[in-house]
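The shown structure was predicted, so the numbers you read here are calculated from the model rather than taken from an experiment. Labels below follow one simple rule: chain letters A, B, ... track the order of the sequence lines, proteins then strands, and each chain is numbered from 1.
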Amino acid sequence: MRAIVVFIDQIDVPGTLHPTAHQLLTLARAAGEPVAVVAGPVDAGLAADLGAYGVTRILHSEQADLADYLVAPKADLVAQAAAAVSASAVLLDNGPQGREIAARAGVALNAGVITDAVSVESVDGALVAHKSVLAGSYTVAARATSAVAVISVKSHSVEAAPAAEATTPAVEAISVNFAPASLGARVVQRTPRAASGRPELEDARIVVAGGRGVDGDFGPVEEMADVLGAAVGASRAATDAGWISHSAQVGQTGKKVSPQLYISVGISGAIQQKAGMQTSKVIVAVNKDPESPIFEIADFGIVGDLFKVLPQAVEEIKRRRG
Amino acid sequence: MENSALNIVVLVKYVPDTQFDRHLTGDSHRMDRNESILSELDEYALEAALALTDARGGAKAGNKVTALTLGPAAAAAAVKKSLQIGATDGVHVSDEALAGSDASATSLALAAAIKTLGPVDLVITGMASTDGETSIIPAQLSARLGLPQLTFASSLEVDGSTVTARRDGDDFTEEIQATLPVLVSVTDQANEPRYPNFKGIIAAKKKKVTTLSLAELGLPADAVGPAGSLTRVDAAAERPARTAGTIITDSGEAGVALADFLAAQKLI
Ligand SMILES: Cc1cc2nc3c(=O)[nH]c(=O)nc-3n(C[C@H](O)[C@H](O)[C@H](O)COP(=O)(O)OP(=O)(O)OC[C@H]3O[C@@H](n4cnc5c(N)ncnc54)[C@H](O)[C@@H]3O)c2cc1C
Ligand SMILES: Nc1ncnc2c1ncn2[C@@H]1O[C@H](COP(=O)(O)O)[C@@H](O)[C@H]1O
């Protein structure tokens, strides 16, 4: 069977596998023989977790350069491991690093690269990726025409499912030959960000996002998010004002989300904001200006003051839950 | 080298204006490039280049900022606008055979074009094109040109020949350092792009735009376009445009109405 490489980063975020990794492994198992390529150490727990998803082979490297330089050494690892197992495809997560590793590995493997896949299917032995383009106004089906396909896949592309029978993967340490220029951009400092304790924007079923209308006070937005188990998002006006971390920004230059429900609060709905949220299943908008463009795409819109509407909705939801 | 003059290439893409509806056309689902403009995200790349060269005495001191675009004849407009904003030179890679190139073929041709410009200190790109939105090109150019990759920079400093950039991720903020020459992509957090002024618009008329064909890049026609591309779009479907749903005006009970709506949608 054809080997399908799944890239797993154990350097940036070591420990248990991210849900997206389980999804990628599930996709890989449906398309061929999943091979995990791990940057960083592989302990018994990780090997067992990978085995539970049907991984037969793990290739990994703990070379220090993987952590010391930006992106490029990891791309060298992925490309060399994929070549070593004659992979027909490489699957990665769709974060900025995942996409960039995909791009570089594509050059090294002379492989077609597709990013932002929302689903991947096997058609006559080839992988076909589906994605949204032009800020969600089109969906396209695309494939690599090269011997190897490199695809970065968004969260929730597939429901993660362990293999019917767990395997005991063979763990092989490999030694990567880094290209000289791969060791050029050194990470001199890394400052962790404080975790919010809320779901991650791209994984969340519900997102509550606040804009300039919150006027510095994300309290009502956060309370609404917490009662719904939602992630908190923001417009660029709100992140630029420093009211919330830039990593909460939704839009053209922020996160692109498509949750079941997006509640837009005190956001006018500029084109760049819409680019990150208009593929959401249901959109609710709360804005005091009836002329706001956000109302053109809202399934349910409330013209009103967010400081009145949100607390009342939170109370009502709590009341109904008893 | 103590803050000597810099030779910078800025990549500017000619993209359909995001303010209008955008379309894919034809059997191979290509971008309709009518009503196109210089990508607004590439204005940050240009600003980054101009700020660096301003700090070293500008064009008078021998600093060079070349705006480079690859695209159809009309894409020259992206270069022209860059010259008006302050780029010193312009290069337009244009060839029939390039139409329908994917990221891999595009980065191949852009890398070849950059190599014709002699020793370059920095290649600066936008964080993503507003039409392709992949952020593949910067990483592929870095790989093809053998330049250190400092991408998604939200700040950029060059001191002597040491380049320092900040990259904001979800898990951490990183400070990245490299020695010239480098490839950088900048985000919309990096700076505040300047506008062309009257003086710039007049000055741009005297600036030279070099047009390069594939042959001048030393590339055969089948290295690019559909023949040289490694991906293919099989099908494209326009999503039905979103329409407005129910809009209510709060008269004191809208919070309850919101809860009703969420309950009816089985979201709570
Ligand atoms: C290159 C570029 C990239 C960009 N990328 C992004 C991006 O990724 N994401 C993004 O969001 N933006 C982005 N922008 C910015 C975008 O163009 C808008 O400026 C921004 O989205 C506006 O944010 P806002 O809606 O919060 O603010 P505003 O447009 O000022 O709207 C605030 C809204 O709040 C409402 N309001 C005020 N008070 C209340 C109240 N008490 N109750 C209810 N409603 C109230 C007002 O009626 C108004 O509609 C980008 C811009 C550029 C140039
Ligand atoms: N055809 C092109 N001509 C010039 N620059 C380009 C072109 N395509 C991409 N770029 C540059 O690469 C960046 C990222 O583009 P992309 O990888 O398409 O998202 C853009 O912001 C541009 O700076």
On the 0 to 90° scale, with breaks at 30° and 60°, tag the B:His23-A:Tyr138 ring pair as parallel, tilted or perpendicular. perpendicular
Which atoms of B:Ala237 approach chain A - backbone, side chain, both or neither, heavy atom under 4.5 Å: both
Region of B:Ala254 that comes under 4.5 Å of a non-hydrogen atom in chain A: both
Give me the atom names and distance for the closest heavy-atom approach of A:Ser137 to B:Arg22. OG-O, 4.4 Å
Counting only non-hydrogen atoms closer than 4.5 Å, does A:Ile206 touch chain B with its backbone (N, CA, C, O), its side chain (CB onward), both, or neither? side chain
No-hydrogen, no-angle side-chain donor-acceptor test under 3.5 Å, B:Glu40 and A:Gln272: yes
Is it the side chain or the backbone of B:Leu262 that comes within 4.5 Å of chain A heavy atoms, both, or neither? side chain
Please determine, among B:Leu24, B:Ile136, B:Thr249, B:Thr18, the option with the most heavy-atom pairs under 4.5 Å with chain A. B:Leu24
If one checks every heavy atom of B:Thr134 against chain A at 4.5 Å, the contacting part turns out to be both
With heavy-atom distances below 4.5 Å as the criterion, would you say the side chains of B:Thr246 and A:Asp299 are in contact? no
Residues A:Lys308 and B:Asp250 bridged, charged N to O under 4.0 Å: no
Note: B:Gln140 and A:Ala103 closest approach over all heavy atoms is NE2-O, 2.9 Å
Restricting to non-hydrogen atoms, name the atom on B:Ile248 and the atom on A:Phe300 that form the minimum distance, rounded to 0.1 Å. CD1-CZ, 3.9 Å
B:Ala241 versus chain A, the contacting section by heavy-atom distance below 4.5 Å: neither
Chain A contact via B:Phe20 - side chain, backbone, both or neither, heavy atoms under 4.5 Å: neither
Quick check: closest heavy atoms across B:Ala263 and A:Arg320, and the distance to 0.1 Å? CB-NH1, 3.9 Å
Work out which heavy atom in B:Arg242 is nearest to a heavy atom in A:Gln278; give both atom names and the distance. NH1-O, 2.8 Å
Proximity breakdown for B:Ser251 and chain A, heavy-atom pairs closer than 4.5 Å: neither
Start with the C-alpha distance between A:Arg236 and B:Asp188, add both sets of side-chain angles, then the distance that settles salt bridge (charged side-chain N to carboxylate O under 4.0 Å, His left out), and finish with yes or no. CA-CA 10 Å; A:Arg236 183 171 139 186; B:Asp188 61 335; 2.7 Å; yes
When only pairs under 4.5 Å are counted, which of B:Ala165, B:Ala259, B:Ala178 shares the most heavy-atom pairs with chain A? B:Ala259
Would you verify whether the NZ or CZ of A:Arg193 falls within 45 degrees of the ring axis of B:Phe172 while also being under 6.0 Å from that six-membered ring's centre? no
Applying a strict 4.5 Å limit to non-hydrogen atoms, the region of B:Leu147 in contact with chain A is backbone
Is chain B contacted by the side chain of A:Ala144, its backbone, both, or neither, given a heavy-atom distance below 4.5 Å? both
Relative to chain A, which segment of B:Leu41 carries a heavy atom at a distance below 4.5 Å: side chain, backbone, both, or neither? side chain
Options A:Thr115, A:Val107, A:Val71, ranked by heavy-atom pairs under 4.5 Å with chain B, top entry: A:Val107
Under 4.5 Å from a heavy atom of chain A, the part of B:Thr151 involved: both
Using non-hydrogen atoms and a 4.5 Å limit, figure out which bit of A:Leu228 sits close to chain B: side chain, backbone, both or neither. side chain
Using only atom types and a distance under 3.5 Å, with no angle test, would you say the side chain of A:Glu316 pairs donor to acceptor with the backbone of B:Val256? no
Would you mind checking which part of B:Asp21 comes under 4.5 Å of any heavy atom in chain A, side chain (CB onward), backbone (N, CA, C, O), both or neither? neither
Tell me, for B:Glu133 versus chain A, whether the close heavy atoms (under 4.5 Å) come from the side chain, the backbone, both or neither. both
Part of B:Arg166 within contact of chain A (heavy atom distance under 4.5 Å): neither
With chain A as the partner, which of B:Ile268, B:Leu150, B:Asp102, B:Asp171 has the greatest number of non-hydrogen pairs under 4.5 Å? B:Asp171
Are a donor atom and an acceptor atom from the side chains of A:Arg104 and B:Gln149 found within less than 3.5 Å of each other? yes
Any chance the side chains of B:Arg239 and A:Thr279 put a donor and an acceptor closer than 3.5 Å? no
